[in-house]
Amino acid sequence: MSNTVKITIQPAGKTYSLLRGTPLKDLLFDKGLEFPCGGRGVCHRCKVKILNGSNNPTAEDQKAFSKMELAEGWRLGCQCVADNDMELELLSCESIILVDDTSLKFEPRNGTAIAIDLGTTTVAAQWLDLESGKLLGTATALNPQARYGSDIMSRIDSAINHNKGAELTRLIRSCLGDLILDLLKKNGASQKPSFILIVGNTVMHHLFCGFDVTALGFYPFQSKHLAGWHFTTEEVGWNFLGPDVNGYFMPCIGGFVGSDILAGIIATELHKTTHPAILIDLGTNGEIVLHANQKLFCLSTAAGPAFEGAKISMGMRAEAGAISKVRFKNNKFETEVIGGGKPRGICGSGLVDAVACALEHGLIKHNGKLNCLADHIEIQDHIRISQKDIRELQLAKSAIATGIEIILKQNALDYPDIKEVWLAGAFGNYIDKQSAKKIGLLKFDLEVIKYGGNTALLGAKICLMKWPEVLEEINQILKISEHLSLGEHPQFQSTFLNQIQF
Ligand code: FES
């Protein structure tokens, strides 16, 4: 018996040779399958279908699928092992990764540089000509650490409790190195960038820089490694760039508020407004920054994965096949599906729309209970929203709404006092602001709400255009920033309960 087996992945139709007995997780991850629970067999969101070949169902498969589904070949990708030749169907497709194409104001300077937005789920890099301001190229990737869990808390858990800190550091440095190589190759440029600037949340900052994340895993979640980190290409294994290229990971603001938010402040010029203004980055972790009284008040709030489709029975990330918009016309739901065709699931923006429509038309009560005998609402074809999904959304929206409410109250402000609201982050940019208002996620006047795009990447590019003078502006922002710890706030519990209602 040969010690290798052939694994064919559909719909790409590509075949790979693997050592017999190798877990399929790494191959499937590289081909786009996500592992939200880090492959622990509990989230049931890494489904694959075995079209040919066999794979004995594990105990986790038996919990995840009915007998009929198991007979049809459904398995959890994280549990599959390459023990015979197999043909698998993978439903995950290319993710939509938000980049930036804003034209920048700048003073020409020599050379080129790369800005990188290092996110928990996705990574985006852009190469800039600092003399002309021209964008030389863009490269994106999924964060390879996602095989250890989809959110920052599971990465911290992997680092602390499963001794994977060094591996997470290696994975992300190598991913960013590959992105840079990709940019250089794609553009066939003979020149090299002279500088690499990275922004990211506090956990990404620590893991890239190789800092211990233990302090971020326990109350009061305060790390002493928040400063910016200058690095050489040799230190991070990017020797292909040579020793004369330098890099810098921008500093974190505090707690879980990282340099992606710092860059967002620079991109939106939040620190320069003459009226109260707010920046809200919506994702699994919501970060909120308020500029008022010549200070920047910031906090982070754990919204959980509902906005990214996880923990929602038919939820998925915003990728091909996801219902991303929902309207209610002539007594039925109308939807938009990313990439067209039949829907495979519903992403965060679709879920918010669907619940907003259902609320407006009396299908859901304001306490979140379904106003019918069934335990779900049918949206389209087989895509439905269950009572449990609505509860998950209530928890996520309450976490964000609580953060906003507390940061405003702390500064004796009310919603109409805010004259500018910037939405950022992958979810923030796709959410419909009217639906967000209907479910009580955002209570501001609609006219003041603006979509900021990828403010982290834009902010990083603005910094490159003003480097190194911008360091003074960064220090000034850090000086006027005050981090609030939401969990310790005396009104947190009561506010959270109040915000649960739609
Ligand atoms: S069950 Fe969660 S990643 Fe497989």
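Read the numbers this way: they start at 1 and go in the same order the structure lists the ligands and their atoms.
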Tell me whether the NZ or CZ atom of R75 lies within the 45° cone about the ring axis of F65 and under 6.0 Å from its centre. no
Is NZ or CZ of K443 both nearer than 6.0 Å to the six-membered ring centre of F502 and within 45° of the ring axis? no
Please report whether the ring centroid of Y430 lies less than 6.0 Å from that of Y451. no
Report, in ascending order of atom number, the atoms of ligand 1 lying under 4.0 Å from any heavy atom of [X].
| X | answer |
| --- | --- |
| G39 | 3 (S) |
| C78 | 1 (S), 3 (S), 4 (Fe) |
| G41 | 1 (S) |

Side chain to side chain contact (heavy atoms under 4.5 Å, CB included) with I152: of V203, T202, D157, V213, only one passes, and it is V203
